[in-house]
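In what follows, every chain begins at residue 1, and chains take the letters A, B, ... in the order their sequences are listed. All values reported here derive from a predicted model rather than from experimental measurement.
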Amino acid sequence: MLDRKFVLENAELVKANCTHRGTPAEIDKFVELELLRKTKLSQAEEFNRQANATSAKIGAAAPAEREAIKEQGRKLREQKEAVQSEHDALDKEIAAILTRVPNMTHPAAPIGRDDQANLEIARGKTAIPTFDFQAKDHLQLGKLHDMIDFEAGARVAGAGFYFLKNDAVLLELALQQFAVHLLIKHGFVPVSTPDVANTETLHGIGFIPRGPETQIYSIENTDLNLVATAEITLGGMYAGQVLEAENLPLKLVGISHCFRTEAGAAGRASKGLYRVHQFTKIEMFAFTLPNQSDAVHEELRQLECDLFDALEIPYRVVDTATGDLGGPAYRKYDLEAWMPGRGTAGEWGEVTSTSNCTDYQARRLNIRSRTKNEKGTQLVHTLNGTAIAISRAIIAVMENHQLADGTIRVPAALRPWMGKEFIGK
RNA sequence: GGAGAGGUGGCUGAGUGGUCGAAAGCACCGGAUUGCUAAUUCGGCGUAGGAAGAAAUUCUUACCGCAGGUUCAAAUCCUGUCCUCUCCGCCA
């Protein structure tokens, strides 16, 4: 959520930003309602002030006068209530508009309508593999080594669910170990988070559960939802808290399962593990001071690159265009790994995403920082970044490291955790 | 899941209808003082919003887990809810 005062004072900027983002928002209406709300607020406060003053007199007043003063107080409170309810109605309407206004955008982010305008800004260290044999996709490789069972997943939970088996399980554990250990070395605090979160927390992060087209599974007759990413729980972890500035940036690496309904994704054909209803993810999250967030964002991007370089997976880094940014993101980088089994001769597929959300999430979650010996507090900035989304990382590892005989070479970085050099030998 | 207790400022902890944004202590900040030194003393010290001002600052509203209610007036009374603790039950 943006700051109301900021929107009011920068209506034209915000409007232009909404246009670039492709999210129409009623900024003019917001300005009109907000100005009205402010006058209502002052009126209500003035009535309240008078009423408080009146109440204060009663204790000292002579008994004979009390009834008259009480009556006066009653009237003032009634007037206050009347104005207050007008104010509250406006406030609700304003909040609804504001919820739909996306974050402002980093000036360097490419402007464009959709992912076609995304800008490739870097490539990984590993070259796209050229196979002198017919490359298999991860489904074929998985079948060969009995690693993935979609049929059983469907029996138990429906289409889009799966069982990992045998070496896929070792691969999942190895990827987790590898990523978590690397991030701990970079000062991240490892966290294993709840896989459910209440609706307020989801709203704070910018998700809208229980609506049409929602990506979120909700648990019936409760206020709980299955998390779509540990970003939700990691961000919510410090909701309402004031963090000491000297402890920032605070960097967390969370492990959680992620659940996504993929409603509305039916048209986006994808096979195998690429788009599934549940996967495990290692997620980075950071709370920073405002002047730290750009640097930490670059750090998260670099860490994602380090991880995929170490996995010897070819990738490109994309600077996400305005129209393709999620609501809370100020700037977003995606890593797209080369997946030889996608399309006819391989395609890029998104494997990580890191966003600087500035104070957009912190405002609703009310996460602030305090600097020693300084008065007041300020909203922190929040950032998130995928370290390893297991399902997609597995695709990239299996497909890029396959050999002519169908065995899969385990990248050196994973061998200590896998305990083997090849899958299928 | 059942029974009981409790949620107050950075911390401890008073406060059961008006004089309470809230005693006291600790911590912290500023000044003074100091040959007995983890001392003494004076003062300051919550957060958010609004108004005025160039600014220091001043005025004002809200906030005592959260949401409602009663009342001219609520930290204080009532209802709901969340959380914590203790005991019991169940259990990986």
Of A/Arg66 and A/Lys70, the one whose nearest nucleotide on RNA chain B sits closer to the 5' end is A/Arg66

[atom1] atoms of [N] and [M], separation to the nearest Å:
N	M	atom1	value
B/A22	B/G80	P	32 Å
B/A38	B/G43	P	25 Å
B/A75	B/C42	P	32 Å
B/G1	B/C20	C1'	41 Å
B/U60	B/G21	C1'	14 Å
B/C78	B/A23	C1'	27 Å
B/G13	B/G18	C1'	24 Å
B/U47	B/C90	C1'	43 Å

Those residues that, when tested against A/Glu26, pass side chain to side chain donor-acceptor pair (under 3.5 Å) (two or more places apart): A/Arg100

Do the side chain of A/Asn198 and the main chain of A/Thr201 share a donor and acceptor less than 3.5 angstrom apart? yes

ring-ring contact (aromatic ring centres under 6.0 Å, His included): which pairs involve residues 159-191 of chain A, sequence neighbours left out? A/Phe150-A/Tyr162, A/Phe161-A/His277, A/His181-A/Trp417

Heavy-atom contacts, protein to nucleotides 46-63 of chain B, under 4.0 Å, summarised as B (base), S (sugar-phosphate only) or - (none) per nt, yield -SSBS---------SBS-

What is the separation between atom [atom1] on [X] and atom [atom2] on [N], rounded to the nearest whole Å?
X	N	atom1	atom2	answer
A/Lys75	B/A73	NZ	P	14 Å
A/Asn198	B/U81	CG	C1'	13 Å
A/Ile58	B/A74	CD1	P	11 Å
A/Asp223	B/C66	CG	P	18 Å
A/Leu224	B/C83	CG	C1'	14 Å
A/Glu81	B/U71	CD	P	12 Å

Any donor-acceptor pair under 3.5 Å linking the side-chain atoms of A/Asp334 with those of A/Ser353? yes

With the threshold set at 4.0 Å, does a side-chain nitrogen-carboxylate oxygen contact exist between A/Glu32 and A/Lys29? no

When you measure from the centre of the six-membered ring of A/Phe279, is the NZ or CZ of A/Arg392 closer than 6.0 Å and no more than 45° off the axis? no

Test of ring centre spacing under 6.0 Å for A/Tyr238 and A/Phe287: yes

